[in-house]
Amino acid sequence: MKKTRLDTPTLTRRRFLVSAAVVAGGLSMQLRPAGAQAAETVGQGSELSPWLVIRADDTVVVTVPTPEIGNGASTQQAMNIAEELECDWDKVTVEFADFRREYQQPGSYAVGLQPFFGGHSTDHDRMPYTLQLGASARERLKTAAAQRWGVPVEDVSARNSVLTHSPSGRSLRFGEVAAAAASVELAEEPALKPQSEWRLLGKAQPHKLQLPNVVTGQAQFGVDVTLPGMVYAALLQSPVHGGVLKSYDPDAVKDMPGVRAVVVIDPSATPGSPVTASPTFGFEGSELRSGVAVIADHYWQAKKALDALPVEWDDGLGTFWSSNGKMHQRQDRVLDQWAGTALTKAGDVDAVDAAQVVEATYRTPFCEHAAMEPLNGTAIYSQEGLEFWHPTQDMQQAFWVAVDESGLDPAKVTFHQTLVGGGFGRRVIGDDVRAVVAIARQYPGVPVKVIWSREETTRQGSYRTQLAARYKAGLGEDGMPLSFQGETCYSGMPLNIGFTDMTYAAAGNIPNVRLQTSELPMHIATGAYRAPCYNAHAFTVETFVDECAVAGGIDPLEYRLRLLAGWDPAWADCLKIAAERADWGKPLPKGQGRGIAISNWPHPGEKQAGATVCAVAHVEVSQAGKLKVHRLDFTFDCGRIVNKDAVAAQLEGGIIFGLNMSLNEGLTIADGAVVEQNFDALPMLKMADLPEINIYFEALSGHDRFGIIGEAPVGPIGPAIGNAIYQATGKRLRSTPFRDADLSWS
Amino acid sequence: MTTINFTVNGQPQSLDIDPTTPLLWTLRDHLQMTGTKFGCGIGMCGACTVHFNGSATRSCVIPVQAVDGAEVVTIEGLSESGDHVLQTLWVALNVPQCGYCQAGVLMAAADLLKRNLNPSDDEIDAQISNICRCGTYPRIRAAIHRAAEELKG
């Protein structure tokens with residue numbers, strides 16, 4: 001079979017063309033790569049969905065190639081289009097793009113956008129395209145109105161979905177000329193208006209478009225998909241990752257009420273894609289995990305039968321990891337050698353004659369995403385095709401995993417994106433999609449909804465990478481580092497953002513630097529977790545720098561300012577404003593303390609890039625050791641923002657996520673398996689646990705970028721709290737979660 | 001199989017069903033009312049909160065046999081047209097992020113406001129023990145305070 005390849009990086013650099021077509025009495029707008037044929041048929045009922053449709057009733061339908069995981073990405077994209085379209089915001093709705101169009105016409109959506117169907121909407125590469133669509137549609141509407149009135153188009157204005165001819169006072173609704181606008185030929189596509197003339201972006205803060213359906217229970221998440229004749233599956237996979245099903249006894253449950261089938265989830269049975277596939281992140285990590293599933297008329301029946309099903313596992317090699325203590329012992333063994341791969345080097349760390357040496361080891365654990373919507377998906381499979389509904393974070397990844405697990409031609413695979421009940425990185429790689437397809441493939445012709453129990457969701461996580469780090473700094477007479485050496489030991493997916501490109505090294509004020517990485521391979525599945533690995537590097541780096549400040553006898557705020565001298569001044573602004581608002585330096589009673597931390601995602605090693613985030617924590621620790629986080633003061637710089645309330649929501653959520661991660665989260669491994677399974681053993685912050693959270697916008701630099709904001713705030717919260725605990729108690733916390741630490745003092 | 005009779009959002013329902021089936025799955029799978037969400041199955045997260053004879057109750061740990069003769073109200077029945085003061089404010093204040101847990105939070109909050117039109121932060125914290133992984137807690141609290149103000153007129 002002929003293999004085809006979608007070379008997305010090339011496509012992102014290609015020019016695009018705007019094209020228009022009539023659809024259902026309205027106007028549809030598309031983008032397509034230069035040189036490609038315009039789609040013959042577009043619009044409602046067609047498999048080829050356009051970017052933008054303006055219907056005769058003025059409704060504006062924006063097709064979004066971004067999943068909606070709660071960050072408002074779909075709403076933001078609609079706002080980008082509405083800014084230039086000059087439509088009435090109340091007329092705007094969004095629909096998720098059909099990935100098949102991207103497959104059949106590569107570049108239809110991905111041109112110039114992030115080369116995958118995930119992420120955010122204000123990206124520098126992506127935004128010009130959505131703005132252009134709005135502008136190009138608006139000019140076609142204006143021209144159509146001008147032609148109808150026989151007046152110069154210069155005299156026609158568009159505002160709030162109404163076209164007005166000022167000299168005569170005549171007006172038309174968008175919908176009245178939408179169909180005519182489709183045949184308008186423009187000499188050239190219009191230029192975008194300058195940002196200074198934006199009226200929505202940077203100003204309006206509308207609610208997310210899906211909220212009216214969310215608050216009435218009408219919104220459809222993955223687990224809510226309901227199809228005629230649908231059956232349900234409950235599944236159980238090897239509790240020790242990498243283990244395999246040794247035996248099971250379907251006869252023991254086949255006569256239980258509602259039970260239709262017991263099927264095996266067999267990694268060796270994956271058919272594979274008939275064409276060269278282009279999953280965003282490759283297939284690694286999406287492989288099937290050996291297990292068994294019960295299919296029944298109702299979920300409760302499937303679950304009861306699964307619970308009663310006798311199952312034996314061959315655990316495999318993972319049982320070597322008997323306990324967390326064993327993992328830590330092996331981490332130390334690796335780090336003791338200081339033999340990792342050096343990725344960042346300056347000067348010679350071994351040639352430094354230091355006045356004192358600071359050295360410490362830090363640990364951050366495996367953590368479970370614990371999205372509130374348990375893993376699930378729905379699919380119907382036959383030889384004619386696969387149709388599936390899924391709450392994925394990455395549509396391109398999900399599509400290709402489904403192709404690979406069905407073995408069907410991509411043209412026969414139809415994917416419906418649903419709302420996503422929390423992602424945080426767990427729903428990126430598509431192992432859940434693969435399991436759903438593997439089960440549905442064995443029960444063809446009938447829609448099967450597969451639901452992981454909370455326990456199974458937790459056991460089958462793709463957790464935050466476990467990490468240990470050791471740092472060693474040689475301080476000069478002035479207390480500042482002459483040398484800075486670090487090694488990070490990963491167990492799981494490694495990502496060095498915030499470590500090898502750490503700002504303190506990039507700023508150039510430490511003459512001798514050596515940063516190296518090593519691995520302690522384990523069987524535990526890991527993956528993206530809200531700012532992957534950065535969320536750990538921020539803790540280790542910012543705690544160690546704090547230790548250096550203390551050893552050097554310098555205030556931790558002042559220490560950071562000196563290390564960042566000459567760097568992007570927004571960093572100093574973030575530090576100073578957060579400190580000032582938090583009354584930094586003002587004396588506190590014994591048992592209380594303040595701590596500060598700063599970090600940047602995803603460009604810590606570049607000036608004026610990404611999002612720089614800073615937190616000051618104010619904590620109190622009772623003599624018995626009970627920790628109370630009183631207050632978090634938070635500053636940030638992502639350049640500019642287009643929706644203040646949406647940014648605030650992401651900061652609030654990220655701060656609370658970072659708080660929970662640092663205080664509560666850490667999985668226990670016993671005999672190779674994760675011990676914690678449900679929320680009785682996975683402590684989660686609740687409303688009663690919230691500190692006062694103050695977010696300040698004053699450190700925003702106004703630099704011309706819209707840095708991504710949802711992940712960065714997770715970083716500085718833990719180290720700020722840990723550094724505050726040190727000030728309060730003299731106890732230095734070098735591992736998370738803090739709930740494991742004895743904080744008592746006397 | 002047992003016949004269970006109860007009302008959901010004022011509508012009488014009669015089901016032949018395994019009496020151990022949790023109310024959550026009865027609503028979702030048997031009545032196709034998917035507004036009530038599955039989060040944990042052990043009554044810890046609150047995503048499945050409904051009103052059971054007028055009180056906020058976690059439906060994942062209530063076997064359907066316990067609701068025989070009872071009145072159940074779900075998020076779909078919190079108001080006639082989605083305009084309960086909490087629903088309106090939840091939208092206006094952009095409370096939900098992913099939104100998955102919010103039906104349960106809304107049902108818990110509505111129950112609180114039925115009994116207490118002047119809730120303190122502590123009283124809100126005590127009543128709303130739901131888990132929201134997106135971290136919408138500050139907005140939930142603000143919206144409940146504002147709803148209480150509006151209800152007091």
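As a basis for the values below, the full set of heavy atoms in this structure was taken, side chains included, without hydrogen atoms, waters or symmetry mates.
With a threshold of 4.5 angstrom between heavy atoms, A:Ala219 approaches chain B through N, CA, C or O but not through any side-chain atom. Contact annotation for B:Ile131: both backbone and side-chain heavy atoms come within less than 4.5 Å of a heavy atom of chain A. For A:Val223, the parts lying under 4.5 angstrom from a heavy atom of chain B are both the backbone and the side chain. With a 4.5 Å cut-off on non-hydrogen atoms, A:Met684 touches chain B through its side chain but not through its backbone. Within the 4.5 angstrom heavy-atom criterion, only side-chain atoms of A:Ile451, from C-beta onward, approach chain B. Looking at A:Phe221, only its side chain comes within 4.5 Å of chain B, counting heavy atoms on both sides. No part of B:Met33 comes within reach of chain A, as not one of its non-hydrogen atoms sits under 4.5 angstrom from that chain. Proximity to chain A (any heavy atom under 4.5 Å) is shown, for B:Ile124, by both the backbone and the side chain.
Chosen from B:Ala103, B:Pro96, B:Gly82, the residue pairing most often with chain A at heavy-atom distances under 4.5 Å is B:Pro96. Comparing A:Leu659, A:Val215, A:Leu419, A:Val420 by heavy-atom pairs within less than 4.5 Å of chain B, the highest count is held by A:Val215.
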Tabulate, with distances rounded to 0.1 Å, every donor-acceptor pair spanning chain A and chain B at under 3.5 Å.
unit_1: B:Asp18; atom_1: OD2; unit_2: A:Lys304; atom_2: NZ; d: 2.9
unit_1: B:Thr20; atom_1: OG1; unit_2: A:Trp300; atom_2: NE1; d: 3.4
unit_1: B:Thr20; atom_1: OG1; unit_2: A:Lys304; atom_2: NZ; d: 2.9
unit_1: B:Arg28; atom_1: NH1; unit_2: A:Asp224; atom_2: OD1; d: 3.0
unit_1: B:Arg28; atom_1: NH2; unit_2: A:Val223; atom_2: O; d: 2.7
unit_1: B:Arg28; atom_1: NH2; unit_2: A:Asp224; atom_2: OD1; d: 3.0
unit_1: B:Asp29; atom_1: OD1; unit_2: A:Tyr232; atom_2: OH; d: 3.2
unit_1: B:Asp29; atom_1: OD2; unit_2: A:Tyr299; atom_2: N; d: 2.9
unit_1: B:Lys37; atom_1: NZ; unit_2: A:Asp224; atom_2: OD2; d: 2.9
unit_1: B:Gly39; atom_1: O; unit_2: A:Arg454; atom_2: NE; d: 2.8
unit_1: B:Gly39; atom_1: O; unit_2: A:Arg454; atom_2: NH2; d: 3.0
unit_1: B:Cys40; atom_1: O; unit_2: A:Asn678; atom_2: ND2; d: 2.9
unit_1: B:Gln87; atom_1: NE2; unit_2: A:Val215; atom_2: O; d: 2.9
unit_1: B:Asn94; atom_1: OD1; unit_2: A:Lys208; atom_2: N; d: 3.2
unit_1: B:Asn94; atom_1: OD1; unit_2: A:Lys208; atom_2: NZ; d: 3.4
unit_1: B:Asn94; atom_1: ND2; unit_2: A:Pro206; atom_2: O; d: 3.3
unit_1: B:Asn94; atom_1: ND2; unit_2: A:Asp645; atom_2: OD2; d: 3.2
unit_1: B:Pro96; atom_1: O; unit_2: A:Lys208; atom_2: NZ; d: 2.8
unit_1: B:Gln97; atom_1: OE1; unit_2: A:Gln650; atom_2: NE2; d: 3.3
unit_1: B:Gln97; atom_1: NE2; unit_2: A:Ala649; atom_2: O; d: 2.9
unit_1: B:Arg133; atom_1: NE; unit_2: A:His369; atom_2: O; d: 2.7
unit_1: B:Arg133; atom_1: NH1; unit_2: A:Glu665; atom_2: OE2; d: 2.9
unit_1: B:Arg133; atom_1: NH2; unit_2: A:Glu368; atom_2: O; d: 3.3
unit_1: B:Arg133; atom_1: NH2; unit_2: A:His369; atom_2: O; d: 3.0
unit_1: B:Arg133; atom_1: NH2; unit_2: A:Tyr529; atom_2: OH; d: 3.2
unit_1: B:Arg133; atom_1: NH2; unit_2: A:Glu665; atom_2: OE1; d: 3.2
unit_1: B:Arg133; atom_1: NH2; unit_2: A:Glu665; atom_2: OE2; d: 3.2
unit_1: B:Tyr137; atom_1: OH; unit_2: A:Leu685; atom_2: O; d: 2.6
unit_1: B:Arg139; atom_1: NE; unit_2: A:Glu652; atom_2: OE1; d: 2.8
unit_1: B:Arg139; atom_1: NH1; unit_2: A:Asp645; atom_2: OD1; d: 3.2
unit_1: B:Arg139; atom_1: NH1; unit_2: A:Asp645; atom_2: OD2; d: 3.2
unit_1: B:Arg139; atom_1: NH2; unit_2: A:Asp645; atom_2: O; d: 3.4
unit_1: B:Arg139; atom_1: NH2; unit_2: A:Asp645; atom_2: OD1; d: 3.2
unit_1: B:Arg139; atom_1: NH2; unit_2: A:Glu652; atom_2: OE2; d: 3.3
unit_1: B:Arg141; atom_1: NH2; unit_2: A:Met687; atom_2: O; d: 3.2

List the steps, then state whether side-chain contact (heavy atoms from CB on, under 4.5 Å) holds for A:Phe657 with B:Cys134. CA-CA 7 Å; A:Phe657 197 97; B:Cys134 297; over 6 Å; no

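Minimum interatomic distance between B:Gly39 and A:Pro374 (heavy atoms only, all atoms of both residues): O-CG, 3.8 Å. The nearest pair of heavy atoms linking B:Cys98 to A:Gly421 is SG-C, 3.5 Å.
Here SG of B:Cys40 is found 10.5 Å from CG of A:Leu682. Values are rounded to the nearest 0.5 Å.
A heavy-atom distance below 4.5 Å is found between the side chains of A:Met372 and B:Cys45.
For B:Pro138, the side chain to side chain contact (heavy atoms under 4.5 Å, CB included) partners two or more places apart in sequence, or in a different chain, are A:Ile656, A:Leu690.
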